[in-house]
Amino acid sequence: MNAIAPIALTQGDPSGIGPELALMAYVLRESRDLPPFFLLSHPAFIARVAATLALEIQIESTTAAQARDVFSRALPVVDTGRHVVAGAPGRPDSQDAQSTIGSIEKAVECVAKGEARAVVTNPIAKSVLYEAGFKHPGHTEFLAELAHRHYGGDYRAVMMLWSDELAVVPITIHIPLADASKNLTRELIVETGEIVAHDLRARFHVSKPRLAFAGLNPHAGEDGALGREEIDTIAPAIAELRARGVNASGPFPADTMFHESARAKYDVALCPTHDQALIPIKTLAFERGVNVTLGLPFVRTSPDHGTAFDIAGKGIADPTSLIEAIKLAGRIS
């Protein structure tokens, strides 16, 4: 992969805040010291969004290979060939699903060809994609399939939410809470822990990553009185990780893992359920949190928020999380 290639930025749902965040990130590129990036969308659509927001910036239709040279004078937009057809700000339409999906597919293709050095994805609305037949639980799982398509092999993608204050990994992700316990297997915990430890070393240059595991039940099961998952599943998985050379500890009660002194004792917290992990980081660093996909053959980051249809097109969306995602992608790629 070309180390000086730009970053591929997807449009996200065209009716959400993604396109306007991309425009604002470009406006702030110098003051925020952003690496070069290009946007995968339809140039005329992006120009229309800019006009709606009264943003006076140059937009140039280009190719991924030429995008770095364009970046200094205009926002490079690489056409995916799948035009936005129906959606308006705040009013998503399933007819635009192919535009959203095509932007993601093209971004991964660009990285695989060496035309980009990382992928940054703007927020999608899964419910809108499901209406159009999208079969994946979310971005993370779709990216794993695209990695297989372009690189061969099978990849188990792991979602990490990162900020300067805290990094967290949900071990089970987009499943109902009622199904979390039965899906929380020893094998899943060990595989997740190994991927996290590997990528913290390889991408984040943490020489000896410290992984802290939360319990599933209140008080980490209280010696089995409040549930046996910690005894039967989580603790044996932690022991196996240690035997494999991973610095893993726990399981700890989730309600005491995230205060300042506790966070100083680990590099990443791994939690059995989605909300156990995401609530603390969104409380501590909502505007600055970045979603990082581990376990892939390329770097992918994303802002830690959704499409925000309620404020789309109003010019009030905060680009901080996207800017942090672009910066982090540049740093770890």
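No hydrogens, no waters, no symmetry mates; every other heavy atom, side chains included, goes into these values.
Between R210 and S249, the closest side-chain pair of non-hydrogen atoms is not below 4.5 Å. F71 has its side chain out of reach of P6: every pair of non-hydrogen atoms, C-beta onward, lies at least 4.5 Å apart.
Within the 3.5 Å criterion, the main-chain N or O of S181 finds no donor-acceptor partner in the side chain of E229. Side chain of T301 to main chain of V120: no donor-acceptor pair is present (N/O by atom type, distance under 3.5 Å, no hydrogens or angles). Side-chain N or O atoms of E20 include none that pairs as donor or acceptor with a backbone N or O of V49 at under 3.5 Å. Remark: side-chain polar atoms of Q276 are paired, donor with acceptor, to backbone N or O of G215 under 3.5 angstrom. Of the possible donor and acceptor atoms, one in the side chain of R117 sits under 3.5 Å from a partner among the backbone N and O of G330. Side-chain atoms of T233 never come within 3.5 Å of backbone atoms of R186 as a donor-acceptor pair (strictly under, hydrogens ignored). In terms of modelled atom types and a separation under 3.5 Å, the side chain of T80 and the main chain of S103 share no donor-acceptor contact.
Note on E260 versus R263: no salt bridge recorded, every NZ/NE/NH1/NH2 to OD/OE distance being 4.0 Å or above.
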For a side-chain contact (heavy atoms from CB on, under 4.5 Å) check, start with the C-alpha distance between D164 and R288, then their side-chain angles and the critical distance, and finish with the verdict. CA-CA 8 Å; D164 287 330; R288 302 179 309 284; 5.9 Å; no

Go through the steps to decide whether Q58 and R73 satisfy the test side-chain contact (heavy atoms from CB on, under 4.5 Å), and finish with yes or no. CA-CA 7 Å; Q58 294 296 313; R73 65 175 182 268; over 6 Å; no

Yes or no on salt bridge (Lys or Arg N to Asp or Glu O under 4.0 Å) for K282 and D304, after CA distance, side-chain angles and deciding distance? CA-CA 8 Å; K282 290 192 175 184; D304 183 22; 3.7 Å; yes

Show your reasoning for whether side chain to side chain donor-acceptor pair (under 3.5 Å) applies to D275 and T273. CA-CA 6 Å; D275 284 9; T273 68; over 6 Å; no

CA sep, side-chain torsions, deciding dist, call: F204, L328, side-chain contact (heavy atoms from CB on, under 4.5 Å): CA-CA 10 Å; F204 288 80; L328 183 62; 3.9 Å; yes

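A search for ring-ring contact (aromatic ring centres under 6.0 Å, His included) contacts involving H274 returns H174, not counting sequence neighbours. H42 is linked by a ring-ring contact (aromatic ring centres under 6.0 Å, His included) to H83, counting only residues two or more places apart in sequence or in another chain.
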Would you be so kind as to tabulate the donor-acceptor pairs closer than 3.5 Å made by side chains of residues 290-299, with sequence neighbours excluded?
| unit_1 | atom_1 | unit_2 | atom_2 | d |
| --- | --- | --- | --- | --- |
| T293 | OG1 | R300 | NH1 | 2.7 |

Would you tabulate the side-chain donor-acceptor contacts of residues 27-40 under 3.5 Å, counting partners in other chains and residues two or more places apart, or write 'none'?
| unit_1 | atom_1 | unit_2 | atom_2 | d |
| --- | --- | --- | --- | --- |
| R29 | NH1 | Y26 | O | 2.8 |
| S31 | OG | L28 | O | 3.2 |

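Hydrophobic clustering, with ILVMFWY side chains joined whenever heavy atoms are under 4.5 angstrom apart, groups V190 together with I234. Residues I7 and L23 share a hydrophobic cluster, clusters being chains of Ile/Leu/Val/Met/Phe/Trp/Tyr side chains in contact below 4.5 Å. When hydrophobic clusters are built by joining Ile, Leu, Val, Met, Phe, Trp and Tyr residues whose side-chain heavy atoms come closer than 4.5 Å, directly or via intermediates, I171 is grouped together with I238. Cluster annotation: I17 and I316 are assigned to the same hydrophobic cluster (Ile/Leu/Val/Met/Phe/Trp/Tyr, side-chain heavy-atom contacts under 4.5 Å, transitive). V78 and V108 are assigned to two separate hydrophobic clusters, defined by single-linkage of ILVMFWY side chains at heavy-atom distances under 4.5 Å.
We find the NZ-CD1 distance between K327 and I332 to be 14.0 Å, quoted to the nearest 0.5 Å. Expressed to the nearest 0.5 Å, how far CE of M160 lies from OG1 of T192 amounts to 13.0 Å. To the nearest 0.5 Å, atoms CG (L143) and CD1 (I104) are separated by 6.5 Å. Taking CG from D93 and OG from S99, the interatomic distance works out to 11.5 Å, rounded to the nearest 0.5 Å. Atom CG of D96 sits about 12.0 Å away from atom CZ of R91, to the nearest 0.5 Å. Between atom CG of residue L188 and atom OG1 of residue T172 there is a gap of 7.5 Å, rounded to the nearest 0.5 Å.
Counting heavy-atom neighbours within 6.0 Å of R242 CZ, excluding the residue itself, gives a total above 12. The local environment of NE2 in H150 is crowded, with over 12 non-hydrogen atoms from other residues, nucleotides or ligands closer than 6.0 Å. More than 12 heavy atoms of other residues, nucleotides or ligands lie within 6.0 Å of CD in E131, so this atom counts as buried by the packing criterion. Residue D179 qualifies as enclosed at atom CG: its count of foreign heavy atoms under 6.0 Å is above 12. Other residues, nucleotides and ligands contribute at most 12 non-hydrogen atoms within 6.0 Å of the CZ atom of F286.
Heavy-atom minimum distance, I59 versus P43: CG2-O, 4.3 Å. When all heavy atoms are compared, the tightest approach of G193 to L211 is O-CD2, 3.4 Å. For the residue pair P303 and P123, the shortest heavy atom distance occurs at CG-CD, 4.1 Å. Minimum interatomic distance between A157 and T140 (heavy atoms only, all atoms of both residues): CB-CG2, 3.4 Å. Taking each heavy atom of N247 and P209 in turn, the nearest pair found is CB-O, 3.3 Å.
Clustering of Ile, Leu, Val, Met, Phe, Trp and Tyr side chains at separations under 4.5 Å leaves L177 isolated, with no partner residue. The hydrophobic cluster around I173 extends to M159, L161, L166, V168, F252, M257, F258, Y266, L278, I281, L284, counting ILVMFWY residues whose side-chain heavy atoms fall within less than 4.5 Å of a member.
Of the listed residues (R244, R201, R156), just one forms a salt bridge (charged side-chain N to carboxylate O under 4.0 Å, His left out) with E194, and that residue is R244.
Between Y155 and Y151, the ring-plane angle classifies as perpendicular under the 30° and 60° cut-offs.
Between the side chains of E165 and S163, at least one donor N or O sits under 3.5 Å from an acceptor N or O. A donor-acceptor contact under 3.5 angstrom links the side chains of S41 and Q11, judged on distance only.
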